[in-house]
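See structure below.
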Amino acid sequence: MEKKISLYASVNKQLEKAAGIMGLDPDIQAILSKSTNEVRINFPVKMDDGRIEMFSGYRVQHNDILGPYKGGLRFNPSVDIDEVRALAAWMTWKCALSHIPYGGAKGGIQMDPGHYSIKELEHITRRFTYAIANNIGPEYDIPAPDMGTNAQIMAWILDTYLSSIPPHERKNCLHVVTGKPLASGGSVGRTKATGQGVVYCIQEWAKMRKFRLNKATYTIQGFGNVGSWAARLLKPQKAVLLAVEDATGAIACASGIDPDQLAVYVEKNNGVKGYPRAKAIDRETFFRTKADIFIPAALESQITEHTAPLLNVKIVAEGANGPTDPVGDSILQKRKIEIIPDILCNSGGVIVSYFEWLQNKRSESWDLEEVDGKLYKRITASFKETYETAQKYKTDARTAAYIVALSSLEKAYKERGIFP
Ligand code: GLU
């Protein structure tokens with residue numbers, strides 16, 4: 001993986017571009033170019049062997065003009081203040097684009113969760129939650145899963161949060177975190193939601209461009225929650241998965257890789273490396289694979305000045321947050337490779353988080369048909385709004401998605417004014 005440049009600088013570059021095209025009020029742009037609160041916590045945890053290890057955890061709250069702060073918690077070695085700041089801002093744009101009443105936040109702990117036992121992971125999660133308990137809340141800032149975290153970790157966060165607040169303040173606090181397991185107040189359809197949203201966007205794009213998904217070929221980078229669900233949900237569409245890359249290596253098979261079988265293998269072996277029904281390829285060969293669709297569903301800054309010229313696809317469907325850096329973006333545009341931008345393409349996760357939050361608040365539980373139906377309606381509406389805005393402003397889809405999001409934020413600021 002290549003060394004990354006400042007991610008937050010990329011976020012502000014994207015913001016500047018959209019602001020210029022739409023004529024965003026410069027005062028509002030100045031407000032949105034900074035995060036509101038940034039918390040960094042260094043905390044000790046006792047390991048299984050009795051040793052103490054120090055960890056650094058972050059929570060950045062970017063903006064809450066449209067509603068409580070919302071966004072995932074990431075456990076990954078890449079986590080630092082610059083990454084979390086960028087991811088928090090993307091959550092603000094994502095929620096504003098989807099018209100869900102949330103602001104944007106993000107958090108994480110700098111570590112490799114694969115290096116720790118389940119017991120250690122629980123202690124790390126609980127110690128961090130205890131430390132940030134005063135900075136989160138069901139109507140204030142609502143964490144969720146992201147890279148390296150899952151429903152089990154959300155259950156520990158809920159439990160620790162409830163144990164950290166005085167009993168008379170507990171009331172109904174189930175919605176302090178989303179992406180929980182079902183028995184702890186989770187929603188059906190949340191685990192697959194981001195991948196499901198990616199597939200709904202690809203289907204909308206295919207309809208718009210009169211492109212047949214049947215026998216369409218695709219490649220995926222990252223086979224975690226987002227990548228594996230996108231692939232499994234593309235299987236009934238009869239699309240063919242040609243190659244997959246993750247942190248352990250890359251594999252390819254010209255006759256197609258079965259996503260369900262690969263998901264079972266990855267679960268057991270923690271990566272695609274060594275998958276027996278495909279051949280190992282190198283990173284460059286992976287990027288050069290000719291296919292119709294590329295789904296980056298791993299870390300940010302993967303499509304760069306080095307890799308963008310290699311891609312041989314029609315469309316990049318951004319399952320990850322920020323997979324394309326500004327130089328990579330302009331290379332793809334010049335090469336007429338379309339992009340379904342991250343804040344639209346991967347918004348299924350936070351949209352279904354919102355549904356989970358509503359169910360918790362109303363003491364309801366919806367069935368899968370209702371969750372999927374509502375997700376489809378919202379994400380296809382955002383898709384339509386984004387592509388209509390792109391036409392109106394004669395600009396690319398990413399800039400258009402930003403224009404939709406920034407217009408909502410600007411309107412709210414103009415209506416409410418700045419205190420005092
Ligand atoms: N981590 C996911 C994202 O980046 C989901 C956030 C959420 O559900 O709050 O969109």
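Atoms within each ligand, like the ligands themselves, are counted from 1 in listed order.
K207 meets the side-chain hydrogen bond (donor to acceptor under 3.5 Å, both in side chains) test with E204, Y376; sequence neighbours excluded. Remark: V226 engages T194, V198, A297 in a side-chain contact (heavy atoms from CB on, under 4.5 Å) (not counting sequence neighbours).
Remark: D141 does not engage K70 in a salt bridge, criterion side-chain N to carboxylate O under 4.0 Å.
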Contact table ligand 1 N or O to protein N or O, d under 3.5 Å:
from: ligand 1; atom 1: 1 (N); to: P145; atom 2: O; distance (Å): 2.9
from: ligand 1; atom 1: 1 (N); to: D146; atom 2: OD1; distance (Å): 2.7
from: ligand 1; atom 1: 4 (O); to: K94; atom 2: NZ; distance (Å): 3.1
from: ligand 1; atom 1: 4 (O); to: K106; atom 2: NZ; distance (Å): 2.9
from: ligand 1; atom 1: 4 (O); to: D146; atom 2: OD1; distance (Å): 3.4
from: ligand 1; atom 1: 4 (O); to: N321; atom 2: ND2; distance (Å): 3.1
from: ligand 1; atom 1: 8 (O); to: R190; atom 2: NH2; distance (Å): 3.1
from: ligand 1; atom 1: 8 (O); to: S353; atom 2: OG; distance (Å): 2.6
from: ligand 1; atom 1: 9 (O); to: K70; atom 2: NZ; distance (Å): 2.8
from: ligand 1; atom 1: 10 (O); to: K94; atom 2: NZ; distance (Å): 2.6

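Here the side chain of S382 pairs a donor or acceptor atom with the backbone of R378 at under 3.5 angstrom.
Each of T219, V272, V240, L241 was scored for a side-chain contact (heavy atoms from CB on, under 4.5 Å) with I257, with one residue passing: L241.
Among residue pairs with one or both ends in residues 26-46, those qualifying as salt bridge (charged side-chain N to carboxylate O under 4.0 Å, His left out) are E38-R85; sequence neighbours excluded.
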